[in-house]
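Worksheet: one structure, shown below.
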Amino acid sequence: MDDRALQQSFADPRLRAAGEALARNEFPRAEALLRAHLAQHPDDAVAFCMLADLAMRIGRLDDACMLLQRCLHSAPGFDAARLE
């Protein structure tokens, strides 16, 4: 994923709101925002990575692994997903 695509993804208001919800541990709200975003942008690696983070936090490790794989499939160069 190039820096420009990453910046565009982070600039999305829904992803910013999801990030804020994650920071406040409002997991149902964050998940709803991320799933709505992915319905419109099914290849958004940042959204997949954020959803994987959420899954890890609530103990859904199998889901987190699958989401990180989807993230890397969408953006093989997205190294942040490899560090999760």
Side-chain angles (χ1 to χ4, degrees):
M1 170 172 264
D2 65 23
D3 289 339
R4 184 172 163 227
L6 190 60
Q7 288 174 348
Q8 285 178 328
S9 191
F10 281 128
D12 185 281
R14 193 177 339 208
L15 287 185
R16 279 197 319 270
E20 291 168 3
L22 277 173
R24 291 189 302 270
N25 295 325
E26 297 173 357
F27 301 132
R29 175 171 162 65
E31 184 172 10
L33 289 165
L34 290 166
R35 291 197 183 280
H37 178 82
L38 284 167
Q40 292 180 339
H41 306 280
D43 293 326
D44 190 322
V46 172
F48 278 121
C49 194
M50 291 173 72
L51 199 53
D53 178 53
L54 184 152
M56 282 187 280
R57 290 194 205 186
I58 62 173
R60 292 181 0 210
L61 301 182
D62 289 340
D63 290 342
C65 285
M66 184 268 308
L67 289 162
L68 288 172
Q69 288 173 350
R70 292 208 45 202
C71 173
L72 291 171
H73 178 75
S74 295
F78 189 27
D79 292 332
R82 295 181 194 284
L83 299 175
E84 291 286 331

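A side chain to side chain contact (heavy atoms under 4.5 Å, CB included) with Leu38 holds for exactly one of Leu67, Leu33, Asp44, Asp43; it is Asp44.
Separating the CE atom in Met56 from the CG atom in Asp63 is a distance of 11.5 Å, to the nearest 0.5 Å. For the atom pair CZ of Arg29 and CZ of Arg24, the computed distance is 6.5 Å after rounding to the nearest 0.5 Å. Considering CG of Leu15 and CD of Glu20, their distance stands at 11.0 Å, rounded to 0.5 Å. One finds the CE atom of Met50 at 5.0 Å from the CG atom of Leu22 (value rounded to the nearest 0.5 Å).
By the salt bridge (charged side-chain N to carboxylate O under 4.0 Å, His left out) test, Arg57 pairs with Asp53, sequence neighbours left out.
Across Arg14 and Asp12, no two heavy atoms sit closer than the pair N-OD1, 2.8 Å. Listed here is the closest heavy atom pair of Ala45 and Cys71: O-SG, 3.2 Å. A pairwise comparison of heavy atoms in Phe48 and Pro42 identifies CE1-O, 3.2 Å as the closest pair.
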